[in-house]
2 protein chains.
Amino acid sequence: MIPAFETYLRTNTDLSDEALQQITATTMTRTLQRNELLLQEGQICRHKTFIANGLLRTFGVREDGTEHIIQFSPEHSWTLDVESYDRQTPTSFNIAAIEKTDVLLWTKADFEYLLHTIPALKNLSQELISRNIYNSRQRIFTSISATPEEKYEDFIRTYPGLLQRLPLHMIASYLGISLKTLTRIRHTQVHK
Amino acid sequence: MIPAFETYLRTNTDLSDEALQQITATTMTRTLQRNELLLQEGQICRHKTFIANGLLRTFGVREDGTEHIIQFSPEHSWTLDVESYDRQTPTSFNIAAIEKTDVLLWTKADFEYLLHTIPALKNLSQELISRNIYNSRQRIFTSISATPEEKYEDFIRTYPGLLQRLPLHMIASYLGISLKTLTRIRHTQVHK
DNA sequence: GGAAAAAGTGGTCATTTGACCATATTTTGT
DNA sequence: ACAAAATATGGTCAAATGACCACTTTTTCC
């Protein structure tokens with residue numbers, strides 16, 4: 001799993017072998033089983049996480065018990081609860097594996113040290129945060145303005161590889177529509 | 001308008017008078033009339049904006065002509081189209097005044113220089129960006145999980161001062177519901 | 001101050017959505 | 001390999017939503 005991460009870094013930065021070595025020397029690896037939690041509501045998020053293989057979901061649970069997914073994190077992406085991590089306060093979200101997932105983890109102190117000593121990593125990190133901000137804004141815009149069908153089409157266009165890997169109820173949850181509405185949309189599209 | 005900005009900075013940072021002077025020396029001021037555009041779809045966002053007095057809205061327009069508001073910016077807040085500003089690419093959003101509004105503007109080069117030379121300003125800026133990220137995530141969660149009534153209640157709780165300053169159709173647009181639904185909700189609440 | 005524009009609300013109706021249940025198929029786990 | 005669990009879809013129905021129109025009130029603009 002570390003060779004995959006090194007390939008990822010070489011593809012996305014011009015880090016030296018020494019820097020790569022420094023980064024991977026401070027990481028911990030962990031394998032999550034399907035449905036196993038990486039982070040649970042009420043906990044403090046203490047790690048920056050890179051998904052080497054697999055798929056995670058970040059979700060909140062309302063008082064009525066319903067789960068609403070705000071983010072999927074497939075391999076070769078990073079995840080964490082940024083507010084809990086920054087402020088070291090308990091999170092109100094959960095992060096769980098949708099399928100068996102291998103992750104790399106760095107403590108906040110270790111990762112901040114790496115950012116401080118490896119400018120290319122800091123640049124990569126900053127670029128990913130920026131892109132996250134742009135995507136969030138687009139997500140808000142789509143969420144308040146699109147029809148359920150347009151949301152599904154946007155999802156397929158944006159994450160074509162995720163469709164086969166997710167149960168429909170999770171996609172519906174992520175889009176903020178019901179499973180029934182989603183299957184109606186799919187039926188209509190198949191018969192167009 | 002600059003004294004108000006200086007009060008804002010003194011309240012939120014421990015900047016020296018010299019730093020304050022440096023910041024205000026590089027700003028431009030502008031007054032927007034009601035409904036006047038600060039930024040228009042297709043333009044490049046070239047300024048960081050502080051709202052000294054008044055109220056702005058950031059919105060997108062769909063192909064069918066409908067306007068969907070993703071953000072309100074009252075006095076003593078900052079705004080810009082961050083993606084257009086960072087990448088110097090044309091924006092797909094608009095920023096307009098809801099009422100007569102006084103703003104302070106810095107070019108990207110000037111503001112980056114200020115961030116570089118005034119650590120307290122950089123810290124303030126970073127803190128505001130972080131808070132923006134947390135709020136956006138909460139907004140996404142509310143948007144996909146809450147009923148229209150819960151969205152309205154959340155809006156009132158989060159921005160109590162804005163209710164009187166906005167027409168209902170703008171609040172409905174921001175919440176992603178119709179004016180009809182919003183007036184139904186208000187009717188039901190009044191008669192509870 | 002007054003005309004025009006905008007806003008707020010109520011009525012009506014068609015459409016859409018979501019909940020619940022049942023059935024068949026697929027996937028998971030041992 | 002097979003039983004159990006999970007998923008996907010269809011049917012049904014009630015509730016919610018949004019569009020359109022009309023009227024009254026409030027705000028804006030000159």
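What's counted below: heavy atoms across the whole structure, side chains too, no hydrogens, waters or symmetry copies.
Between B/His169 and the phosphate of C/dA7, there is a side-chain N or O to OP1/OP2 separation shorter than 4.0 Å. Between B/Thr183 and the phosphate of C/dT9, there is no side-chain N or O to OP1/OP2 separation shorter than 4.0 Å.
Put simply, CD1 on A/Ile171 is 12 Å from C1' on D/dT7, counting in whole angstrom units. Atom-to-atom, CG of A/Asp64 to P of C/dG18 comes out at 14 Å; the value is rounded to the nearest Å. In this structure, B/Arg165 atom CZ and D/dT27 atom P are separated by 15 Å, rounded to whole Å. B/Arg186 has its CZ atom 10 Å from the P atom of C/dG10, to the nearest Å. In this structure, the CD atom of B/Glu99 is 10 Å from the P atom of D/dT28, given to the nearest Å. One can place CG of B/Leu182 at 12 Å from P of C/dG10, the figure rounded to the nearest angstrom. As rounded to whole Å, 11 Å separates atom P of D/dA6 from atom CE of A/Met170. The separation between B/His187 atom NE2 and C/dA7 atom P is 22 Å, rounded to whole Å.
The aromatic rings of A/Tyr159 and A/Phe155 are tilted relative to each other, their planes meeting at an angle between 30° and 60°. The aromatic rings of B/His76 and B/Phe50 sit parallel to each other, their planes meeting at less than 30°, with 60° as the upper class boundary.
Between A/Pro167 and B/Ser178, the residue whose closest nucleotide on DNA chain D is further toward the 5' end is A/Pro167.
A distance of 6.0 Å or more separates the ring centres of A/Tyr85 and A/Trp106.
A cation-pi arrangement, defined by a distance under 6.0 Å to the six-membered ring centre and an angle within 45 degrees of its axis, is present between A/Arg139 and A/Tyr174.
Side-chain proximity of A/Ile177 to D/dT7, C/dG18, C/dA7: nearest is C/dG18. In this structure, the nucleotide among D/dT7, D/dT9, C/dT17 sitting nearest to the side chain of A/Thr181 is C/dT17. Side-chain proximity of B/Leu168 to the nucleotides C/dG8, D/dT9, C/dA7 is greatest for C/dG8. Between D/dT7, D/dC29, C/dT9, one nucleotide has an atom nearer to the side chain of B/Arg34 than all others, and that is D/dC29. The A/Lys180 side chain lies nearest to C/dG18 when the options are C/dT9, C/dA7, C/dG18.
For a distance-only test at 3.5 Å, the side chain of B/Arg184 qualifies as a donor-acceptor partner of the base of D/dG18.
Crowding of B/Gln33 atom CD: a count of heavy atoms from other residues, nucleotides or ligands under 6.0 Å exceeding 12.
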